[in-house]
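Throughout, residue positions are numbered sequentially from 1 according to the sequence presented.
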Amino acid sequence: MTHAMTYKSNLLRLLAERGYIHQLTDAGGLDALAAKQIVPGYIGFDATAPSLHVGSLVQIMMLRRLQQTGHKPIVVMGGGTTKVGDPSGKDESRRMLTAEAIDGNIASIRKVFERLLTFGDGPTDAVMVNNDEWLGALSYIDLLRDVGPHFTINRMLTFDSVKLRLDREQPLTFLEFNYMILQAYDFRELAQRFDCRLQMGGSDQWGNIINGIELTRRMDGKEMFGLTTPLLTTADGAKMGKTAAGAVWLNEDALPAYDFWQYWRNSDDRDVGRFLRLFTDLPLDEIARLEALEGAEINAAKVALANAVTALIRGEHAARAAEATAAATFAGGGMGADLPELDLPAQGMSLAAACTAIGFTQSNGEAKRKIAEGAVRIDDMAMSDPSHMLRLTPGQTARLSLGKKRHGVLRGS
């Protein structure tokens with residue numbers, strides 16, 4: 001809980017208390033600004049799919065915290081940058097999408113933001129903008145002439161997003177190399193359009209954020225601020241929002257509410273307190289009480305977590321229905337010590353092969369039939385593709401179920 005009590009502004013106090021702050025460019029400056037005026041702040045989101053997944057939820061919640069403390073959230077959809085591709089944390093270039101597909105994705109993604117933010121024309125109302133509005137209108141020569149001189153190749157090569165790709169000898173296209181220039185340009189453009197003073201993002205965005213701060217200072221003499229969140233992994237080291245069954249999507253049409261609820265219900269004991277602070281609006285004293293529960297009682301805290309997150313993202317009704325379904329299905333079907341276990345090889349194993357290897361089915365043919373009937377689940381998420389590759393990191397576990405009675409434990413090795 002970094003220096004929560006030393007901040008004057010409600011914004012930084014709330015962000016610190018709930019565990020959102022990893023790095024800040026100028027804590028004192030931002031704190032003073034947020035204490036005396038409305039601070040417009042932005043986070044950029046990819047428009048590569050019709051739904052964001054749980055990996056983006058900490059950023060969406062940061063915008064909610066911004067609004068809760070009387071500031072203005074700006075949601076930037078990367079319609080322009082999606083045409084280029086962010087090399088951060090990726091080994092290969094992304095596939096190109098048509099403008100229509102990108103627009104469709106943005107319309108679909110907006111639904112989640114509308115649940116969590118209040119949009120409108122007021123001083124603290126959220127706005128959603130598409131960076132294609134200004135990036136699409138840029139003339140290449142003008143961009144090179146106006147913005148190019150403020151970036152040195154020497155410095156660009158030191159950023160993690162570039163360095164890691166080069167160290168692994170993975171190709172980095174010139175198109176992607178431009179990404180950090182475009183993101184820096186976004187920050188400057190938002191400063192001009194909305195008097196945006198703050199960019200927030202995950203810790204992998206630190207370099208990109210610094211670039212935008214420096215570019216805006218050099219070109220316009222404006223003081224800007226950056227804040228990143230800690231890189232979020234689950235207690236067993238897995239990436240947030242990824243499971244053996246696939247991505248945990250935020251949109252209802254991409255993942256049923258029950259499966260979404262179950263993802264949170266299956267949290268590791270060690271993650272419950274942190275997740276309650278980051279992903280729910282429950283008061284801190286209530287979270288402290290839930291976090292202190294031990295033994296079998298910690299399950300009550302996990303149900304509270306699942307209910308609170310599902311109610312926020314999918315609505316109160318969805319949370320109640322999911323809890324009722326879970327109570328009916330899993331009275332007694334937990335991860336008991338007597339369940340069969342299967343160590344997955346490092347290269348993974350197909351779902352059908354896993355069903356047979358753990359002894360649920362006699363053959364891959366039978367496994368495929370059961371999967372087609374909807375009888376096979378991973379961590380209570382129904383699976384439909386027998387060739388789906390199951391991969392787990394060492395020490396990570398998942399539950400494989402056939403029907404309501406047969407359960408087994410998959411382990412990463």
Side-chain angles (χ1 to χ4, degrees), residues 9-12 14-15 20-21 24-26 29-31 33-34 36-48 52 56-82 86 102-103 105-138 179-180 182-202 205-206 208-217 219-220 222-229 250:
S9 65
N10 291 337
L11 171 65
L12 288 189
L14 179 70
L15 292 180
Y20 291 95
I21 301 177
L24 262 172
T25 53
D26 171 8
L30 179 58
D31 193 36
L33 187 71
K36 77 168 195 280
Q37 67 167 71
I38 294 170
V39 177
Y42 101 90
I43 299 178
F45 295 88
D46 255 345
T48 46
L52 298 172
S56 299
L57 191 52
V58 76
Q59 309 306 331
I60 302 174
M61 289 301 290
M62 287 247 288
L63 291 173
R64 182 175 172 86
R65 304 300 181 210
L66 196 67
Q67 192 164 50
Q68 283 172 337
T69 51
H71 301 283
K72 184 180 186 72
I74 302 170
V75 184
V76 175
M77 293 309 305
T81 32
T82 295
D86 179 1
I102 292 170
D103 289 345
N105 288 345
I106 292 173
S108 175
I109 287 167
R110 185 181 168 102
K111 295 175 205 157
V112 166
F113 286 98
E114 284 177 338
R115 280 196 184 274
L116 294 168
L117 302 174
T118 304
F119 284 85
D121 310 324
T124 66
D125 285 344
V127 291
M128 180 179 272
V129 291
N130 179 349
N131 65 9
D132 196 41
E133 256 181 65
W134 53 87
L135 296 181
L138 278 176
Y179 189 90
M180 62 178 84
L182 297 180
Q183 189 169 328
Y185 190 88
D186 279 352
F187 201 1
R188 176 179 178 240
E189 185 72 28
L190 292 163
Q192 292 176 333
R193 289 181 179 226
F194 299 101
D195 194 28
C196 180
R197 303 293 298 276
L198 169 67
Q199 183 183 169
M200 302 182 291
Q205 294 300 316
W206 182 248
N208 288 334
I209 292 173
I210 300 288
N211 276 332
I213 289 173
E214 291 186 356
L215 179 68
T216 311
R217 192 191 68 230
M219 293 186 79
D220 308 321
K222 248 190 192 171
E223 193 189 5
M224 314 287 276
F225 301 94
L227 187 161
T228 61
T229 54
L250 299 180

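- When every heavy atom of F187 is checked against every heavy atom of T216, the shortest pair comes out as C-OG1, 4.2 Å.
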- With side-chain contact (heavy atoms from CB on, under 4.5 Å) as the test, would you mind laying out the steps for I109 and F45 before giving the verdict? CA-CA 10 Å; I109 287 167; F45 295 88; 5.7 Å; no
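- None of L52, L117, I43 except one satisfies the side chain to side chain contact (heavy atoms under 4.5 Å, CB included) rule with I60; the exception is L52.
- Judged as a salt bridge (charged side-chain N to carboxylate O under 4.0 Å, His left out), and not counting sequence neighbours, the contacts of R188 are D220.
- Between the side chain of H71 and the backbone N or O of P40, no donor-acceptor pair lies under 3.5 Å.
- The CG atom of L63 sits 9.5 Å away from atom CD1 of I74, with the distance rounded to the nearest 0.5 Å.
- Cation-pi geometry between R64 and F113 is not met at under 6.0 angstrom from the ring centre and within 45 degrees of the axis.
- For the atom pair OH (Y42) and CD (Q199), the distance works out to 3.0 Å, reported to the nearest 0.5 Å.
- To the nearest 0.5 Å, atoms CG (L11) and CG (L33) are separated by 10.0 Å.
- Applying the salt bridge (charged side-chain N to carboxylate O under 4.0 Å, His left out) criterion to R115, with sequence neighbours excluded, gives no partner residue.
- Formation of a donor-acceptor pair under 3.5 Å by the T69 side chain with backbone atoms of R65 is found in this model.
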- Message: Quick one, L138 with Y185, criterion side-chain contact (heavy atoms from CB on, under 4.5 Å). Give me CA distance, side-chain angles, the key distance, then yes/no.
- Response: CA-CA 11 Å; L138 278 176; Y185 190 88; 3.4 Å; yes
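- With 3.5 Å as the limit, one finds no donor-acceptor pair spanning the side chains of Q183 and D186.
- Between M180 and N211, the closest heavy-atom pair is SD-ND2, 3.7 Å.
- With values rounded to the nearest 0.5 angstrom, L24 atom CG is found 7.0 Å from W206 atom CH2.
- Separating the CG atom in L190 from the CG atom in N131 is a distance of 8.5 Å, to the nearest 0.5 Å.
- Comment: K72 does not engage D195 in a salt bridge, judged by the lack of any side-chain N to carboxylate O separation of less than 4.0 angstrom.
- Every residue two or more places apart in sequence or in another chain that forms a side chain to side chain contact (heavy atoms under 4.5 Å, CB included) with R217 is listed here: E214.
- A distance-only check finds a donor-acceptor pair linking the side chain of D26 to the backbone of G29 [under 3.5 Å].
- What you find for T25 and M224 is that their closest heavy atoms are OG1-O, 4.4 Å.
- Between F119 and R110, some side-chain heavy-atom pair lies under the 4.5 Å cut-off.
- Residues L66 and L15 form no side-chain contact, since every pair of their non-hydrogen atoms from C-beta on lies 4.5 Å or further apart.
- To the nearest 0.5 Å, the span separating CZ on R193 from CH2 on W134 amounts to 5.5 Å.
- Side chains of T229 and Q59: a donor on one and an acceptor on the other come within 3.5 Å.
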- Between M77 and V129, does a side-chain contact (heavy atoms from CB on, under 4.5 Å) hold up when you go through it step by step? CA-CA 6 Å; M77 293 309 305; V129 291; over 6 Å; no
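- Under 3.5 Å, the side chains of T118 and D125 contain no donor-acceptor pair of N or O atoms.
- In this structure, the side chain of R197 engages the main chain of E223 through a donor-acceptor pair within 3.5 Å.
- When all heavy atoms of T48 and N105 are compared, the closest pair comes out as C-ND2, 3.4 Å.
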- For side-chain contact (heavy atoms from CB on, under 4.5 Å), just list the numbers for K111 and L250, CA-CA rounded to whole Å, side-chain angles, deciding distance to a tenth of an Å, and then say yes or no. CA-CA 10 Å; K111 295 175 205 157; L250 299 180; over 6 Å; no
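- D31 and S9 get closest at one heavy-atom pair: OD1-OG, 2.6 Å.
- Of all the heavy atoms in G70 and I38, the pair that sits closest is O-CG1, 3.6 Å.
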